[in-house]
Amino acid sequence: MARYLELDQPDIFRRNTRFLVGLGLSAGLLIGLISLWPHWPGDMIVPFRLQLVALAVAGLLISLCLARRALVGFAALVLMLHATPVALRLMQRPVLPATSDTGRPLSLVFSNVLADNRDYGRVIGLAEGEDADLFAAAETSPAWIEQLKALSATYPYSYAPDAGIFGVALYARRPFTPTLYRLGRYNMTLLRADFGDYVVYVAHPMPPANARLSEDNRLYITDMARRVAAETKPVIVTGDLNATLWSGSLGPLMRARMSWSVGSGLRHTWPTGRALLGIQIDHVLTKGLRAGRLTVLRDVGSDHLPVRADLVLPR
């Protein structure tokens with residue numbers, strides 16, 4: 001009897017492995033189907049689409065090793081469910097490198113500084129060290145507004161209204177005309193800066209942490225997209241959008257003909273220090289100008305990593 005059980009152990013192991021893989025793939029299928037729902041909780045799943053693609057690839061590889069045709073087909077189905085929206089979005093807009101010979105270079109740095117962050121010097125050092133044409137920030141609480149006045153030598157023109165912990169601000173080398181909007185049910189701030197030959201929006205909608213906040217995120221981005229679509233000048237949208245490129249809430253911006261920089265979508269800007277769970281929710285999107293190149297910058301003490309975009313304005 002012991003000899004019989006010993007001979008059957010590999011079969012039992014394979015059977016248990018197939019069961020566990022099938023269970024995991026079933027969970028992946030269920031999560032994938034929920035993610036197609038264009039509201040919460042789908043909005044909370046979609047940002048982690050890349051992690052789900054990686055898990056689906058692992059499931060497919062294990063299924064191939066188990067040599068079960070039905071399991072391989074199931075794994076391929078789950079992989080397609082998660083990978084197709086990512087592939088379609090990445091192919092949706094032309095992504096062009098920035099080349100200064102085709103226009104005027106323009107650089108921008110954005111940082112969600114985190115209202116509770118007290119590493120003021122790191123943010124100021126980053127802004128001055130990057131030496132970009134524009135520096136935009138989110139979660140500019142009154143304390144941050146006061147500290148960022150130190151940037152006046154580098155950026156003589158600024159607009160940093162006191163809007164509580166969810167404020168947004170912009171610092172520039174040349175003058176601009178600012179307008180502050182309040183969008184959504186929670187009156188989140190949106191800054192429009194008109195530089196004469198182009199317009200910059202600095203945005204920070206609510207995160208889709210529950211059904212109400214998810215709906216507010218969509219309302220905010222839809223309203224902003226309507227304003228962007230009406231612009232006749234080149235437009236730059238930057239900020240913590242609390243959404244990834246394949247999030248459904250960004251659909252209105254895609255329909256407004258926004259493009260993104262080389263390097264966008266597949267990067268990690270939040271949460272800092274957790275690359276395996278990392279997603280890019282801090283963006284620089286453009287309309288009417290070269291998409292340029294996006295770089296994720298060093299940690300400044302926030303839970304978000306800053307981003308830099310090197311763009312090219314039309315001549």
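Computed from heavy atoms alone, side chains included, the values below leave out hydrogens, waters and symmetry copies.
A donor-acceptor pair under 3.5 Å is absent between the side-chain atoms of Tyr201 and the main chain of Leu190, judged by distance alone. Remark: side-chain polar atoms of Thr189 are paired, donor with acceptor, to backbone N or O of Phe166 under 3.5 angstrom. Side chain of Arg122 to main chain of Arg298: no donor-acceptor pair is present (N/O by atom type, distance under 3.5 Å, no hydrogens or angles). The main-chain N or O of Thr269 is never found under 3.5 Å from a side-chain atom of Gln280 such that the two would form a donor-acceptor pair.
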Applying side chain to side chain contact (heavy atoms under 4.5 Å, CB included) to Arg104 and Tyr198, what does each step give before you reach the verdict? CA-CA 12 Å; Arg104 295 170 293 151; Tyr198 67 95; 5.6 Å; no

Begin from the C-alpha positions of His283 and Ser264 and carry the test side chain to side chain contact (heavy atoms under 4.5 Å, CB included) through to its verdict. CA-CA 8 Å; His283 299 278; Ser264 292; 5.5 Å; no

Check the pair Leu245 / Leu285 against side chain to side chain contact (heavy atoms under 4.5 Å, CB included), numbers first and verdict last. CA-CA 10 Å; Leu245 280 183; Leu285 306 175; 4.2 Å; yes

What's the verdict on side chain to side chain contact (heavy atoms under 4.5 Å, CB included) for Phe135 and Leu151, showing C-alpha distance, side-chain angles and the deciding distance? CA-CA 10 Å; Phe135 176 70; Leu151 293 174; 3.8 Å; yes

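Here the closest heavy-atom approach between residue Ala160 and residue Tyr171 is recorded as CB-OH, 3.7 Å. When every heavy atom of Ala150 is checked against every heavy atom of Ile124, the shortest pair comes out as CB-CD1, 3.9 Å. Nearest heavy atoms, Ala203 versus Leu241: CB-CD2, 3.7 Å. Residue Ser261 comes nearest to Ala309 through the heavy atom pair OG-CB, 4.3 Å, listed as atom of the first residue, atom of the second, then distance. The shortest heavy-atom contact between His268 and Val296 is O-CG1, 3.7 Å. Closest non-hydrogen pair, Gly278 versus Pro271, comes out as CA-CD, 4.1 Å.
Looking at Val284 and Ile236, their side chains come closer than 4.5 Å, going by heavy atoms from C-beta outward. Using a 4.5 Å cut-off on side-chain heavy atoms (C-beta onward), Asp119 and Val300 make no contact. Inter-residue side-chain proximity for Val109 and Thr295 is flagged as unmet; no heavy-atom pair is nearer than 4.5 Å. Looking only at side-chain heavy atoms (C-beta outward), Leu253 and Met224 come within less than 4.5 Å of each other. Thr238 is not listed as a side-chain neighbour of Leu134, based on a closest heavy-atom distance of 4.5 Å or more. Residues Leu294 and Trp260 fail the side-chain proximity criterion, which asks for heavy atoms closer than 4.5 Å. Looking at Leu305 and Asp299, their side chains come closer than 4.5 Å, going by heavy atoms from C-beta outward. Looking at heavy atoms from C-beta onward, Pro208 lies in side-chain contact with Asn242 at the 4.5 angstrom threshold.
Between the side chains of Ser249 and Asn217, at least one donor-acceptor pair of N or O atoms lies under 3.5 Å. Between the side chains of Ser107 and Asp133, at least one donor N or O lies within less than 3.5 Å of an accepting N or O.
Geometric assessment of Arg227 against the ring of Tyr181 yields a positive cation-pi assignment under the 6.0 Å and 45° thresholds. Relative to the six-membered ring of Tyr157, Arg173 misses at least one condition, a distance below 6.0 Å or an angle of at most 45° to the axis.
Hydrophobic cluster membership differs between Phe110 and Leu126, with clusters built from Ile, Leu, Val, Met, Phe, Trp and Tyr side chains linked at under 4.5 angstrom. Val123 and Tyr120 fall within a single hydrophobic cluster, where Ile, Leu, Val, Met, Phe, Trp and Tyr are joined by side-chain heavy atoms under 4.5 Å apart, directly or via other members. In the hydrophobic cluster analysis, where Ile, Leu, Val, Met, Phe, Trp and Tyr join through side-chain heavy atoms closer than 4.5 angstrom, Val202 is grouped apart from Ile281. In this structure, Leu50 is not a member of the same hydrophobic cluster as Phe48, with clusters built from ILVMFWY side-chain heavy atoms closer than 4.5 Å. Cluster membership for Leu219 and Met206, using ILVMFWY side-chain heavy atoms within less than 4.5 angstrom, is not shared.
We find the OH-CD distance between Tyr186 and Glu215 to be 11.0 Å, quoted to the nearest 0.5 Å. Ser302 OG to Asp282 CG: the interatomic distance, rounded to the nearest 0.5 Å, is 8.0 Å. To the nearest 0.5 Å, atom CG of residue Leu213 and atom CG of residue Asn210 are 4.0 Å apart. With rounding to the nearest 0.5 Å, the separation of CG in Leu180 from CG in Leu183 is 9.0 Å. How far CG of Leu114 is from CH2 of Trp144: 8.5 Å, rounded to the nearest 0.5 Å. Taking OG from Ser247 and CE from Met254, the interatomic distance works out to 10.0 Å, rounded to the nearest 0.5 Å.
In this structure, Asp197 pairs ionically with Arg174, as a charged nitrogen and a carboxylate oxygen lie closer than 4.0 Å.
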Tabulate below the donor-acceptor pairs under 3.5 Å that side-chain atoms of residues 30-37 make, not counting sequence neighbours, or state none.
residue	atom	partner	partner atom	Å
Ser35	OG	Gly32	O	2.6
Ser35	OG	Arg49	NH1	2.9
Ser35	OG	Arg49	NH2	3.4

Please list, one pair per line, the donor and acceptor atoms closer than 3.5 Å that link side chains of residues 61-86 to other protein atoms, with sequence neighbours excluded.
residue	atom	partner	partner atom	Å
Ser63	OG	Gly59	O	2.7
His82	NE2	Gly28	O	3.1
Thr84	OG1	Met80	O	2.6

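In Arg274, the CZ atom is not crowded: 12 or fewer heavy atoms of neighbouring residues, nucleotides or ligands sit closer than 6.0 Å.
In terms of the side chain to side chain donor-acceptor pair (under 3.5 Å) criterion, Thr286 has no residue partners (sequence neighbours excluded).
Partner of Asn112 under the side chain to side chain donor-acceptor pair (under 3.5 Å) criterion, chosen from Asn117, Thr140, Asp240: Asp240.
Using the six-membered ring where Trp is involved, His304 and Trp270 have ring planes that are tilted, between 30° and 60° apart.
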